Amino acid sequence: NSQDRSANLPPAPDVIRAASAELIVSDLAASRAFYVDVLRLVVTEETDDAIYLRSFEEYLHHSLVLRKGPVPACAALSYRVRSAAELDVAQTYYQALGVPVRRLSAGTKRGIGEIVAIEDPLGFPVEFFYDAEHVERFTQRYDVHGAGAIARLDHFNVVTPDIAAARSYYEGLDFKVSEDIQDSDHTVYAAWMYRKATVHDVALTGGDGPRLHHIAFSTNERHQILHICDQLGALRQSDKIERGPGRHGVSNAFYLYLRDPDGHRIEIYTQDYYTGDPDNPVITWDVHDNQRRDWWGTPVVPSWYAEASPVLNLDGEVADIVERVESSEAALTIGADGFSYTRRDDGSKEGVKLGEQV
Ligand SMILES: O=C1C=CC(S(=O)(=O)O)=CC1(O)O
Ligand SMILES: [Fe+2]
């Protein structure tokens, strides 16, 4: 089991937070129009083939790299570790795990120091870094924020076939579970895990993977999310809105899911909760509870379950997909009236609210 396995492993790196991501995009100008003109992320630096963006509270060089390439995909999910010394720990740990590991010298990625780049046991391209160029923190630059100000990168959501194995891997990195979704047979459909004291740095979504489900940025207030919706309406780009706005059951966050010009999913998210005490209670949701993914019972659109971005390996090739063996949440709850409930045992017609069409 994971205790036995971890007993024979060297120490794991001390991860502080999900810090940045790199997405391959087919049209840099179109992506720039979405992430800069609409979402108002700050351009730290840009070259002919890449744009380095940051959210307003970020003082490290970037929160997101958009890199021009032929196949839209996720090229890296980057975690910051607590010190430069943790890079040696990471290199030793992942070499012991027997996965591909590369040590990249400082400056290989603009604004970032040395990087330990791996293909993690779930098949994702993950980077660990500490040193990074400090740039102006725009926390109080209200002169440039705009009404939809995005404060920080909050989490990665990854699609992976075996949630129990993924949970065990992340527990090996001392991530804790805040919430999960199970059925009465204890099949796990999704789990949320954290290092920073919020609901998650990484969400594990059961499905064929490795694929990136989304990257989430947080705002400080709900009205900023509503402004982004109104702004997209005014730009006649409401088709960028895939799901929401709404209130999550899991995490309690107010949410909006957008699809960028290449179909990469971006969540804008606010008001989850503090998880920093050692005895933070885990919340387990029933996969048939119709308020688990939307607290108001609004249906989850099928594309939200079905679609996700491919990921690249360390050689820049698209990673092979492994099919999920256990049952699919979408198959259980989409269009399956009567299999979901709003009130579990009150004898009323157990089912979803009137008008559910999916
Ligand atoms: O960040 C998240 C928090 C909650 C949810 S859910 O749809 O409420 O399960 C999805 C999510 O993983 O994007
Ligand atoms: Fe999310």
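The structure displayed is predicted, hence computed values, not measured ones. Read the numbers this way: they start at 1 and go in the same order the structure lists the ligands and their atoms.
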>> Under the criterion salt bridge (Lys or Arg N to Asp or Glu O under 4.0 Å), I'd like the reasoning laid out for R152 against E58: C-alpha separation, chi angles, the key distance, then a yes or no.
In response: CA-CA 6 Å; R152 70 185 79 86; E58 187 55 74; over 6 Å; no
> Is there an N/O/S atom in H200 at a distance below 2.8 Å from the Fe ion (ligand 2)?
Replying inline: no
> Can you give the angle H155 NE2 - the Fe ion (ligand 2) - E267 OE1, rounded to 10°?
Replying inline: 100°
Per-atom contacts of ligand 1 with [X], taking only distances under 4.0 Å to non-hydrogen atoms:
{"X": "R243", "answer": "7 (O)"}
{"X": "E267", "answer": "1 (O), 2 (C), 13 (O)"}
{"X": "H200", "answer": "1 (O), 2 (C)"}
{"X": "R292", "answer": "8 (O)"}
{"X": "N157", "answer": "12 (O)"}

Is there a heavy atom of [X] sitting under 4.0 angstrom from any atom of ligand 1?
{"X": "E179", "answer": "no"}
{"X": "R247", "answer": "no"}
{"X": "Y257", "answer": "yes"}

Flag for [Y]-[X]: side-chain donor and acceptor within less than 3.5 Å:
{"X": "D201", "Y": "Y79", "result": "no"}
{"X": "T284", "Y": "E179", "result": "no"}
{"X": "T205", "Y": "N157", "result": "yes"}

> Would a 4.5 Å heavy-atom cut-off, applied to side chains only, mark H145 and Q224 as touching?
Replying inline: no
[X], portion touching ligand 1 at heavy-atom distance under 4.0 Å:
{"X": "V250", "result": "both"}
{"X": "H213", "result": "neither"}
{"X": "Y269", "result": "side chain"}

> Just one of V300, V287, T298, V250 clears the side-chain contact (heavy atoms from CB on, under 4.5 Å) bar with R293, so which one?
Replying inline: V300
Among protein heavy atoms, which sits nearest to [atom], and what does the distance come to when rounded to 0.1 Å?
{"atom": "atom 9 (O) of ligand 1", "result": "R293 NH1, 2.7 Å"}
{"atom": "atom 5 (C) of ligand 1", "result": "H248 CE1, 3.4 Å"}
{"atom": "atom 12 (O) of ligand 1", "result": "W192 NE1, 2.8 Å"}

Are any of the N or O atoms of [X] closer than 3.5 Å to those of ligand 1?
{"X": "D294", "result": "no"}
{"X": "S251", "result": "no"}
{"X": "W304", "result": "no"}

Between [X] and [Y] (salt bridge meaning N to carboxylate O under 4.0 Å), is one present in this structure?
{"X": "E307", "Y": "R259", "value": "yes"}
{"X": "D174", "Y": "R195", "value": "yes"}
{"X": "R343", "Y": "D289", "value": "no"}

>> Is there a side-chain hydrogen bond (donor to acceptor under 3.5 Å, both in side chains) between S303 and E242? Walk through the geometry before answering.
In response: CA-CA 8 Å; S303 60; E242 177 191 41; 2.7 Å; yes
> Within 45° of the ring axis of W285 and under 6.0 Å from its six-membered ring centre, is that where the NZ or CZ of R292 lies?
Replying inline: no
> How about D48: does its CG atom have over 12 heavy atoms from other parts shown lying under 6.0 Å from it?
Replying inline: no
